[in-house]
Each structure stands twice: as C-alpha cells, then as structure tokens.
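We name chains A, B, ... by the order of the sequence lines, and we start the count at 1 in each one.
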Protein chains: 2
Amino acid sequence: MSPEQATFRALADPTRRSILVMLRGRDLTISEVAENFDMTRAAVKKHLTVLSDGGLITVRASGRERINTLNPNGIDPVVDWLKFFDTFWDDRLSTLKTVIEKDKK
Amino acid sequence: MSPEQATFRALADPTRRSILVMLRGRDLTISEVAENFDMTRAAVKKHLTVLSDGGLITVRASGRERINTLNPNGIDPVVDWLKFFDTFWDDRLSTLKTVIEKDKK
DNA sequence: CTTTTATGAAACCATAAGGTATCATGTCAA
DNA sequence: TTGACATGATACCTTATGGTTTCATAAAAG
C-alpha cells in the first residue's frame, strides 16, 4: 500500500481520529488509550497498528509498556495531496501547508 | 454519518481520489469518468455517490446525463480537522485558524 | 415509432475491516 | 520465585465495502 493510501486509510476511521486527538495532549500507552473507549484493548491495539502503518504515530517500548506518540510528519501525504486542489478548494490549503512546513523546521 | 466522517470516508479510496483529480480539470458525466477506469460504469457510479455523500462533488442533471462537479467547500471538514490536529505542533497556529475562518467568508 | 444511449437500482459475490475471545510472552513487584 | 500486569498474536465472527451482472427507465437520434 502506498504511504498516501496508508495515511488516508488510517484517517478514515473515527476511533482512530479520536486517538490522534488524544495523543495531541500527551503520549499514551495502549492501555491508557483503551481506557477511553468502549472496546477491548486488542481492538484499540489494531487501530494503533493502522495509525502506525499510516505514519501518523510512532511507538517506543518502555519496559513492558508501548508508548504511542503523535508523529508531526504523519499528515504530510494528506497535505501534499490536498495541495493539488488549491485553485479549486481555495488558497486556504496552501496557507495551511506553508505554516506547517515552516513550523517543522 | 457525520459530515466529517462522510468526507474522510470518501477520501479513503484511491479510485475516488483519482476521480476528484479528474474533475479538477473539468466537469464530467458518469460515463466520461468511467472511461478512465478499468471497472464497470455501475462501480464508478457508486464511487460518485460516496463522493456526493461526502460533499466533495455535486451532481446536476442535463437531459439524460448527470454532470459531476467538484465542490469547492467539500474539503472543509478535513481542513477543519487538520487545523485542530495541527495545534500539536505549535499553538501559534491558532492565529492561522483566525486567518482561515476569515478567508471562508 | 423504434432504436440507441445514459443512467438508476437491485441482487449478488468476495474480500476487507472492526471487533471479540483466548492464549502466549515479557516485565515489574513482592 | 511467584504473581500480576502490559502487550503480542492468532483464530474467529459480523458487517461494510468494492465490484459485477442484470434489468428497468428516461431521453436523444433516426
């Protein structure tokens, strides 16, 4: 699967988008993420795997825990794709992209 | 389904993203869109329905034809979500929100 | 009027996706 | 060492999704 497709796929599920919003505040272990949802840890773990495959999060081991972190570069494929529609979907997008690029440096 | 979810879902399929790129050039009928893919017209029509449900295109009748057009505002839910997501990188982006909101008017 | 042409709609199929349950493994704590 | 805890991995289930086929209908062409 292309990186672009993996990222769009990862964003397509509302649970996964919620997880990303959660990780915006601070890094979380799998169990911590799972506490916020009415589903099993196994299900949450699958979502985290999809997010990782899509490059939207990174995972590091800390003892027996797995700490999930938001990846700042993860949405690049999406922003790059949206860029193609600047002329149609307004220059709001190019503005967004410009600021994001600057912020990464 | 929420408008946001409908839009993210619509963008999750590579065929649908290709269709949007196609429509960037000019409006197309269902048959014209279908000519560009190795699948039946019925399958393409389903994709166009999903894109319409996601607010990314609009469809108007012209005789027996259905003309599909890119919707300039269709990407708004995604942009709005990305803005929220991007505050992870820098709170300075909050000023960007203001600029974007103003630009929409 | 008859024949194309463009689309709509429904049934059907195979696979992907989201979820659970269960068991195995590695690690922390007593 | 012995449990308890956090995660990994697999099998399995149900539904959604992407696709085809087939038939119906509306409009343009002759």
Side-chain angles (χ1 to χ4, degrees), chain A residues 1-23 26-71 77-78, chain B residues 1-23 26-70 78:
Chain A
M1 196 186 307
S2 73
E4 175 182 286
Q5 176 56 24
T7 305
F8 273 106
R9 181 205 168 202
L11 291 175
D13 184 89
T15 298
R16 288 194 288 267
R17 290 198 303 279
S18 291
I19 291 174
L20 292 176
V21 171
M22 256 174 236
L23 292 176
R26 66 183 183 88
D27 297 350
L28 296 172
T29 64
I30 297 177
S31 292
E32 287 174 331
V33 173
E35 287 171 6
N36 295 280
F37 295 98
D38 186 25
M39 66 179 74
T40 63
R41 273 196 316 278
V44 169
K45 202 268 185 180
K46 282 190 181 181
H47 282 304
L48 289 169
T49 299
V50 174
L51 286 169
S52 178
D53 290 346
L56 291 164
I57 67 171
T58 55
V59 187
R60 70 176 186 280
S62 175
R64 59 183 162 180
E65 297 182 332
R66 295 294 178 281
I67 302 180
N68 300 275
T69 307
L70 204 50
N71 176 24
V78 175
Chain B
M1 196 187 309
S2 73
E4 175 181 287
Q5 177 55 24
T7 306
F8 272 106
R9 182 207 167 199
L11 290 175
D13 184 88
T15 296
R16 289 194 287 269
R17 291 198 302 277
S18 291
I19 291 174
L20 292 175
V21 171
M22 264 175 228
L23 292 176
R26 66 184 183 88
D27 297 351
L28 296 172
T29 65
I30 298 177
S31 293
E32 286 174 331
V33 173
E35 288 171 5
N36 296 280
F37 294 98
D38 186 24
M39 65 180 74
T40 64
R41 186 190 48 72
V44 169
K45 201 268 184 181
K46 282 188 181 182
H47 283 304
L48 289 169
T49 298
V50 175
L51 286 170
S52 177
D53 290 345
L56 291 164
I57 67 172
T58 57
V59 186
R60 71 177 187 279
S62 175
R64 61 183 161 180
E65 297 182 331
R66 296 294 178 281
I67 302 180
N68 300 274
T69 308
L70 261 186
V78 174

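Residue-level contact check: B:Thr40 touches the bases, meaning some heavy atom is under 4.0 Å from a base atom.
One atom, CD1 of B:Ile19, and another, C1' of D:dG19, lie 13 Å apart when rounded to the nearest Å. Across the protein-nucleic acid pair, A:Lys45 atom NZ and C:dT20 atom P stand 15 Å apart, rounded to whole Å. Nucleotide D:dG18 holds its P atom 13 Å from the CZ atom of B:Phe37, rounded to whole Å. Rounded to whole Å, atom C1' of D:dT17 lies 9 Å from atom CG of B:Asp13. B:Leu48 has its CG atom 12 Å from the P atom of D:dG19, to the nearest Å. In this entry the distance linking NE2 of B:His47 with P of D:dG18 reads 6 Å, nearest Å. Rounded to a whole Å, the CE atom of A:Met1 is 6 Å from the P atom of C:dA17. A:Arg66 has its CZ atom 8 Å from the P atom of C:dT27, to the nearest Å.
With sequence neighbours left out, the salt bridge (Lys or Arg N to Asp or Glu O under 4.0 Å) criterion links B:Glu65 to no other residue.
At a threshold of 4.5 Å between non-hydrogen side-chain atoms, the residues B:Leu11 and B:Leu51 do not count as touching. At a threshold of 4.5 Å between non-hydrogen side-chain atoms, the residues B:Phe37 and B:Ile19 count as touching.
Not one side-chain nitrogen or oxygen of A:Arg41 sits closer than 4.0 Å to the OP1 or OP2 atom of C:dA21. Phosphate proximity of D:dT7 to A:Ser31: present, with a side-chain N or O under 4.0 Å from OP1 or OP2.
A:Asp27 and A:Thr69 share a donor-acceptor pair across their side chains, judged by distance under 3.5 Å alone.
Judged by atom type and distance alone, B:Arg64 does not reach the base of C:dT7 through any side-chain donor-acceptor pair under 3.5 Å.
In this structure a side-chain-to-backbone donor-acceptor pair under 3.5 Å is present from B:Glu32 to B:Thr29.
Nearer to the 5' terminus of DNA chain C, by closest-nucleotide assignment, is the contact made by A:Met39 (compared with the other of A:Glu65 and A:Met39).
Taking only side-chain atoms of B:Lys46, from C-beta outward, the nucleotide of C:dT20, C:dG8, D:dT20 with the closest atom is D:dT20. Of the candidate nucleotides C:dA17, D:dG18, C:dG19, D:dG18 has the atom nearest to the side chain of B:Arg9. The side chain of A:Ala42 lies closest to D:dA9, out of D:dG8, D:dA9, D:dG18.
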